[in-house]
Amino acid sequence: MENQFVIYNTISRKKEVFEPLVPGKAGLYVCGPTVYSNSHLGHARAYITFDLLFRYLTHLGYKVRYVRNITDVGHLEDEEEETGEDKITKKARLEKLEPMEVVQMYMNTFHRNMDELNVIRPSIEPRASGHIIEQQEMIESILENGYAYESNGSIYFDVEKYNKEYNYGKLSGRNLEDIKTNTRVLDGQSEKKNSFDFALWKKATPEHIMRWPSKWSDGFPGWHLECSAMSTKYLGEQFDIHGGGMDLRFPHHECEIAQSTASQGKEAVRYWMHNNMITINGQKMARSLGNFITLDELFTGNHEVLEQAYSPMTIRFFILQAHYRSTIDFSNEALQASEKGLERLMTALKTLDKLTGSKQSTVNVSELKENCLAALNDDMNSPIAIAHLFEGVKMINSLKAGNETISGEDLKELKAFYETAVFDILGLKEENSKNTQGNEVLEGAVDLLLKLRQEAKANKDWGTADKIRNELNELGVEIKDTKDGFEWSLK
RNA sequence: GGUUCCUUGGCCGAGUGGCUAGGCAGCGGUCUGCAAAACCGUGUACGGCGGUUCGACUCCGCCAGGAACCUCCA
């Protein structure tokens, strides 16, 4: 049991041992972004969380098929409004672009941001617009099974009927009666039987640009449908893990369950995983609340709440230092703490490279390794894993100082483990603070000045030595004296 | 209003019925011509009030404060 990978399954509200449907293989579906705006910190949290899962499953030896969609068919901003307009169409109108130009633009940004965060691209990244036929087929099977109805060219899912045989609300822990009493107020002269019914196919209004022909009407698929259709296509009627943000639990994932069950008679997903939100000053960060920070803003520091720029790896580390099921509160202080902590970890890795083995070990490498992996096995407890890695940092520094010794064999194991844990599993990478590469003149000039400073120091000409240091500092060159010379970097 | 959850030391953030989480900051030290950086050492916290228990920060109840979902959202 201790050596098994355990994940918290939202639907059972328990931690469960992960046992894949097909031994040695894991199927993973994660709800991707709707590309109508820049990626923000919340996206980073979600996709880093599932990147960790992808990496960890891979590390455990599974052959993982990771499917993460792009929602490029805008769902309606307000279904009740006559002018029903979807987000992408609206954005396209405002920016005077084709809807697909909007999609492409923000998808490119999303990909670039994810690359910067060292988030591995999924195995398949299907787009909703490319799977209209699959979605229509799914609608047909739901209609055939009697769990949907047509109304004025649109198709709606009949939640009430579905609920008679199955349990609508099991994922999010609510029952239909509650939903009924709580939503009745909003009920207008809708073309839906019940306000809680959701669209499978929506007839397009004249101004709606994104539309596809169907036997029911020229229109577009309902939002919840794409995930059901595409996960079925690429992972099968049943698959292992479905992930996404906590906010998608209801109604999105609830509807997905209903759709799969209604079309195929059984549920598709075996383990549901949900990452928690990022808060800013204790409140959820969301586009709709207008308090979100985009990733580009974070990376450049170009936002009024940011005291400085934060590198992609700082963001990644910051996110990994909290458990994925907890909310994480944004603050400059917290981010700066992560930045320094990460630097310390990375410095230790460099130190580790330079260590040499002795005859005997006074340190326990395998215990460290086991603790770290045990934490990851326990529902991907990355903060605990990182805590153990910091214990290892202390170990490495003690080895460097000569207070502890390590055998050649243990050293080899320790190096291999840090490589695996830090780079492969946590997905961190070395970041050049500022790239001086390609600027040989600058490098040569600074090196020359610092050599002159060395000479001045040798002559005890402190005035000159300090002058060089201070003035370079003002120009943005950070100087670190070392035992046998100096190191420098651009601030 | 309904459902669910949270409240930990200066800040962030884990975890457990009795045993030091960890990071950052602070403080002390090592190093250094001075400094920076780096490294070492250091803090005994768990919203309030009751209850269960030999023992609770951890379990139960109540109260206070906060959050998420119930509408698009990662």
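Note on naming: letters A, B, ... go to the chains in the order of the sequence lines (proteins, then strands), and numbering restarts at 1 for each one.
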Cation-pi check, [X] onto [Y] ring (under 6.0 Å, within 45° of axis):
{"X": "A:R68", "Y": "A:F50", "result": "no"}
{"X": "A:R453", "Y": "A:F486", "result": "no"}
{"X": "A:R325", "Y": "A:Y8", "result": "yes"}

Please classify the nucleic acid contact of [X] as base, sugar-phosphate, or nothing, using heavy-atom distances under 4.0 Å.
{"X": "A:L342", "answer": "nothing"}
{"X": "A:H40", "answer": "base"}
{"X": "A:M277", "answer": "base"}
{"X": "A:K460", "answer": "nothing"}
{"X": "A:I278", "answer": "base"}
{"X": "A:G245", "answer": "sugar-phosphate"}
{"X": "A:D329", "answer": "sugar-phosphate"}
{"X": "A:R344", "answer": "sugar-phosphate"}
{"X": "A:A322", "answer": "sugar-phosphate"}
{"X": "A:A334", "answer": "sugar-phosphate"}
{"X": "A:Q283", "answer": "sugar-phosphate"}

Think [X] has a side-chain N or O under 4.0 angstrom from the OP1 or OP2 of [N]?
{"X": "A:K457", "N": "B:G33", "answer": "no"}
{"X": "A:N397", "N": "B:C40", "answer": "yes"}
{"X": "A:R13", "N": "B:U4", "answer": "no"}
{"X": "A:S326", "N": "B:A14", "answer": "yes"}
{"X": "A:N381", "N": "B:A14", "answer": "no"}

**Asked** Considering Watson-Crick and G-U wobble pairs with both distances under 3.5 Å, what does B:A37 pair with?
**Response** none

**Prompt:** Any donor-acceptor pair under 3.5 Å joining the side chain of A:D481 to the base of B:G33?
**Reply:** no

**Request:** Check if the side chain of A:R469 and the base of B:A36 share a donor-acceptor pair of N or O atoms closer than 3.5 Å.
**Result:** no

**Request:** Supply the atom-to-atom distance A:I88 CD1 to A:I209 CD1, rounded to the nearest 0.5 angstrom.
**Result:** 11.0 Å

**Prompt:** Start at the 5' end of RNA chain B and walk down; is the nucleotide closest to A:A387 or to A:D466 reached first?
**Reply:**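 Of the two residues, A:A387 wins.
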
**Message:** Heavy-atom nearest nucleotide on RNA chain B for A:A401 versus A:Y324: which residue maps closer to 5'?
**Reply:**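 It is A:Y324 whose nearest nucleotide is closer to the 5' end.
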
**Item:** Face-to-face stacking of A:F390 with B:G23, centres under 5.5 angstrom, angle under 30°
**Value:**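 No; centroid distance or tilt outside limits.
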
**Message:** Under a 4.0 Å threshold between the charged nitrogen and the carboxylate oxygen, would A:D447 count as salt-bridged to A:K451?
**Reply:**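 Salt bridge flag = no for A:D447 with A:K451.
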
